[in-house]
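What you see is a predicted model; the values in this text were computed from it and never measured. We name chains A, B, ... by the order of the sequence lines, and we start the count at 1 in each one. In what follows, every heavy atom counts, from backbone to side chain, and hydrogens, waters and symmetry copies are set aside.
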There are 2 protein chains.
Amino acid sequence: MVSRVESAAATRRALLDAAAGLLDSGGPGAVTLRAVGARAGVTRGAPYRHFPDKDSLLTAVAAEALDRLADQVQAVRADPRLSPADKLHMGLSALMTVGRRQPHLYRLMFTHPAGDPAAIHAAKQAGDRAMGEFLGIVGGVVGAEHTRRFAPLLLTSVHGITDMEVNGHLSADKWHITAEELVTTLVAMIDRQARSG
Amino acid sequence: MVSRVESAAATRRALLDAAAGLLDSGGPGAVTLRAVGARAGVTRGAPYRHFPDKDSLLTAVAAEALDRLADQVQAVRADPRLSPADKLHMGLSALMTVGRRQPHLYRLMFTHPAGDPAAIHAAKQAGDRAMGEFLGIVGGVVGAEHTRRFAPLLLTSVHGITDMEVNGHLSADKWHITAEELVTTLVAMIDRQARSG
DNA sequence: ATTCTCAGATGACTTTGTCACCTGAATGAG
DNA sequence: CTCATTCAGGTGACAAAGTCATCTGAGAAT
């Protein structure tokens, strides 16, 4: 026996999963409310019982992805078995992995959120949390006094590297370098800079 | 008296300008073929005489923007009055300026091009040219032997900084740092690194 | 037991991309 | 100069998709 709220929660979950699945497999163009509904086992109008509009649904998907990322980074940060350098590497890898495995979702995560204010706020909240976790990890490597300067640089740069790769602008043919090499170089440079002055 | 080809070329030009204008002022959602046609002084079906589909039109807009960027960077690179450091600064500024003044266009430029193969090819071509100019400028600063390593890093990083700023993920409130500071730090680091090791 | 609430279904409207077809003017052959 | 041709552009039509008004039936509250 399923209570009404349980059923509603399950549908909401199914809608989010359906939207994320369609986004992954077919890109933004494949995410239609009709397809989302069908995949979630409901009809085209049902999503409006859970989200004010399509944008809000997409933004909720982005918020969940950012939350998952924040969780991952938090877990890495809290793992006492890892060295600060390893934490940094794993944290950055987590970000790049999203870009590689779910390029459309990655784009959604870093696009200005749209939809109703509540959804937008949730996405920003999740993004801020993810960023906060990254800041903590970077701080463990370069020291608190350098965090303000280097953490944002590291994050934006790795995002740029990932974004360019995701969009096919990092073809190995022409650049003769991989995303990993770029990140390694960057981290080494920042590490050295923070150490020496 | 306007020959037929002149008229057609003018319409094509008007369509591209209209699409770019709508993109700038209203975002991707405002770019409908009907609106583009109206703004260009033709009707909804006319664009199909010049572009196979909407994606190809957008890709052509992106290609032109990339070409303009390449021209700008080329001009900077060729200016004998500028020092290598100034060229680098101006080249990177040109990129960031596009992001700030035309955020939607900027996104379009760095998104995987869609549409018919010819349009896609043109966009890639323009992108490659812009990249080549940047490579040249960076090479003038860090030396040819370091270009392969640092030019892509610089470009992807500055793109990431710009993209994050454009999408509102660089709020000064939380990061306590500006895009300019990030770029300055990055350039200084790379410069130092290339000089010493 | 009755009424209420709300998730979900359905029909309808609007916008938009796209295509088939039509039209008139510039062009090129004779 | 005349006429057939080519092609940019207009028009009608259709399907897909977002959105809303309305309806319905099953759980929840009284």
Side-chain angles (χ1 to χ4, degrees), chain A residues 1-19 21-23 25-62 104 108 113-120, chain B residues 1-19 21-23 25-62 104 108 113-120:
Chain A
M1 108 194 54
V2 282
S3 76
R4 187 161 47 160
V5 292
E6 281 169 353
S7 157
T11 300
R12 186 190 155 90
R13 190 58 278 131
L15 288 169
L16 287 166
D17 292 342
L22 287 166
L23 183 66
S25 56
V31 185
T32 77
L33 285 181
R34 284 163 165 84
V36 169
R39 200 170 204 199
V42 293
T43 57
R44 87 219 155 213
Y48 288 93
R49 288 286 147 197
H50 302 270
F51 305 94
D53 53 28
K54 187 185 180 182
D55 281 341
S56 301
L57 168 60
L58 267 320
T59 297
V61 170
H104 302 294
L108 184 63
D116 80 307
I120 291 176
Chain B
M1 109 197 50
V2 282
S3 78
R4 188 160 48 161
V5 292
E6 281 168 353
S7 158
T11 300
R12 186 190 154 90
R13 193 51 283 130
L15 288 169
L16 287 166
D17 292 341
L22 288 166
L23 183 65
S25 55
V31 185
T32 76
L33 284 181
R34 282 163 168 84
V36 169
R39 200 170 215 218
V42 292
T43 56
R44 90 224 151 202
Y48 288 93
R49 286 286 145 195
H50 302 271
F51 305 94
D53 52 30
K54 186 184 180 182
D55 281 340
S56 301
L57 168 59
L58 267 319
T59 297
V61 170
H104 302 294
L108 183 63
D116 81 307
I120 292 176

Quick one: does F51(B)'s side chain get under 4.5 Å of T59(B)'s, heavy atoms only?
->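 Side-chain contact under 4.5 Å: no.
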
Flag the pair V36(B) / V31(B) as yes when at least one side-chain heavy-atom distance between them is below 4.5 Å, and no otherwise.
->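 When only atoms from C-beta onward are counted, V31(B) and V36(B) do touch, with a gap below 4.5 Å.
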
To the nearest 0.5 Å, tell me how far [X] [atom1] sits from [Y] [atom2].
| X | Y | atom1 | atom2 | result |
| --- | --- | --- | --- | --- |
| D55(A) | D116(A) | CG | CG | 9.5 Å |
| L33(A) | D53(A) | CG | CG | 8.5 Å |
| L16(A) | T11(A) | CG | OG1 | 11.0 Å |

Rounded to the nearest angstrom, tell me the gap between atom [atom1] in [X] and atom [atom2] in [N].
| X | N | atom1 | atom2 | answer |
| --- | --- | --- | --- | --- |
| L57(B) | dT18(C) | CG | P | 10 Å |
| L15(A) | dG18(D) | CG | C1' | 15 Å |
| D53(A) | dT15(C) | CG | P | 18 Å |
| L22(B) | dG17(C) | CG | P | 11 Å |
| K54(A) | dA16(D) | NZ | C1' | 11 Å |
| F51(A) | dA7(C) | CZ | P | 12 Å |
| Y48(B) | dG17(C) | OH | P | 7 Å |
| R49(B) | dC19(C) | CZ | P | 12 Å |

Selected nucleotide, minimal atom distance to [X] side chain, candidates [options]:
| X | options | answer |
| --- | --- | --- |
| R34(A) | dG12(D), dA8(D), dT19(D) | dT19(D) |
| R44(A) | dT19(D), dT11(D), dG9(D) | dT19(D) |
| L33(A) | dG8(C), dT19(D), dT11(D) | dT19(D) |

Under 4.0 Å: is that the gap between some side-chain N or O of T32(B) and OP1 or OP2 of dT15(C)?
-> no

Could you check whether V31(A) gets within reach of a base, just the sugar-phosphate, or nothing at all, counting any heavy atom under 4.0 Å?
->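 V31(A): backbone/sugar contact only, no base atoms under 4.0 Å.
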
Pick base, sugar-phosphate or nothing for T43(A), based on heavy-atom distances below 4.0 Å to the nucleic acid.
-> base

5'-most by nearest nucleotide on DNA chain D - G29(A) or T11(B) = T11(B)

